[in-house]
Amino acid sequence: IRKFLLWCEYSGHEILWFMMISLSLWLYRHDPVSLSFNLNLAIAFVLDIIIVVCLKMLFQRRRPEANKIDMYVLASVDHYSFPSGHASRITALACILLHHPVLHNGYKIYVLAWVIIVSLSRTLAGRHFLGDVLCGNLIG
């Protein structure tokens with residue numbers, strides 16, 4: 001189950017999303033609808049990072065004792081727990097995706113499931129307390 005929890009963690013990591021949003025902005029720069037959508041993603045992404053970093057520096061809540069340092073591929077940018085950046089990021093991205101007119105209604109359940117699974121994985125992996133994740137979701 002640990003590998004699945006790490007996969008969930010990777011799917012909401014800021015480096016991955018920064019690369020995907022940057023690539024999408026560059027690839028679809030000539031399509032006004034796609035450009036607008038990608039700019040909304042980029043703005044939400046940047047605002048999310050600013051808000052989460054400011055709150056983490058303000059509260060400086062230590063991560064749970066169960067937290068293991070096992071992120072081998074991607075580097076961790078902080079040592080604080082409150083609020084969960086992954087939870088806020090995926091919730092913000094999901095809100096934008098769910099309101100995108102091109103996303104078929106059948107896929108919306110997958111987006112919602114992704115938010116729930118990644119959010120729960122943050123607590124199950126020992127990265128965050130439940131309140132950290134719920135607050136992250138509210139910020140998103």
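What you see is a predicted model; the values in this text were computed from it and never measured.
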Taking side-chain hydrogen bond (donor to acceptor under 3.5 Å, both in side chains) as the test, write out the residues that go with [X], two or more places apart.
X: Asn40; answer: none
X: Arg61; answer: Asp132
X: Ser24; answer: Asn38
X: Ser36; answer: none

What heavy-atom pair brings [X] and [Y] nearest, and what distance separates the two atoms?
X: Gly12; Y: Ile90; result: CA-CG2, 3.8 Å
X: Leu5; Y: Ser121; result: CD2-CB, 3.6 Å
X: Val133; Y: Ala87; result: O-CB, 3.6 Å
X: Pro83; Y: Gly136; result: CB-N, 4.1 Å
X: Ile117; Y: Phe4; result: CG2-CZ, 3.7 Å

Not counting sequence neighbours, list each pair that qualifies as a ring pair (Phe, Tyr, Trp, His ring centres under 6.0 Å) and has a residue in residues 35-60.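 Those involving residues 35-60 are Phe37-His100, Phe59-Phe82.
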
Hey, could you give me each pair passing ring pair (Phe, Tyr, Trp, His ring centres under 6.0 Å) that has a residue in residues 112-140? Not counting sequence neighbours.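 Of all non-adjacent pairs touching residues 112-140, those that pass ring pair (Phe, Tyr, Trp, His ring centres under 6.0 Å) are Trp17-Trp114.
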
Can you tell me how the ring of Tyr107 sits relative to the ring of Tyr110, calling it parallel under 30°, perpendicular over 60° and tilted otherwise?
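Tilted: the ring planes of Tyr107 and Tyr110 meet at 30° to 60°.
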
Co-members of [X] in a cluster of I, L, V, M, F, W and Y side chains, linked at under 4.5 Å:
X: Leu23; answer: Trp26, Leu27, Tyr28
X: Val52; answer: none
X: Leu130; answer: Leu134
X: Ile116; answer: Leu120

Check whether [X] and [Y] end up in the same hydrophobic cluster, where Ile, Leu, Val, Met, Phe, Trp and Tyr are linked by side-chain heavy atoms less than 4.5 Å apart.
X: Met20; Y: Val33; value: no
X: Ile51; Y: Phe18; value: no
X: Ile139; Y: Leu47; value: no

To the nearest 0.5 Å, what is the distance between [atom1] on [X] and [atom2] on [Y]?
X: Ser88; Y: Ile49; atom1: OG; atom2: CD1; result: 9.0 Å
X: Leu138; Y: Thr91; atom1: CG; atom2: OG1; result: 8.5 Å
X: Asn137; Y: Ser84; atom1: CG; atom2: OG; result: 7.5 Å
X: Lys56; Y: Leu58; atom1: NZ; atom2: CG; result: 13.0 Å
X: Arg63; Y: Tyr80; atom1: CZ; atom2: OH; result: 11.0 Å
X: Leu25; Y: Leu41; atom1: CG; atom2: CG; result: 8.0 Å

Pairs satisfying salt bridge (Lys or Arg N to Asp or Glu O under 4.0 Å), at least one member in residues 18-47, at least two apart:
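Checked against salt bridge (Lys or Arg N to Asp or Glu O under 4.0 Å) - neighbours excluded - no pair reaches residues 18-47.
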
Going by salt bridge (Lys or Arg N to Asp or Glu O under 4.0 Å), name the residues that satisfy it together with Arg89, two or more places apart in sequence or in a different chain.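 Arg89: salt bridge (Lys or Arg N to Asp or Glu O under 4.0 Å) contacts with Glu14, Asp48.
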
- prompt: Just wondering, more than 12 heavy atoms not from Ile109 lying within 6.0 Å of its CD1?
  reply: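 12 or below, so no.
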
- Query: Do any N or O atoms from the side chain of His86 and from the backbone of Glu9 form a donor-acceptor pair under 3.5 angstrom?
  - Reply: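 Confirmed, His86 side chain pairs with Glu9 backbone.
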
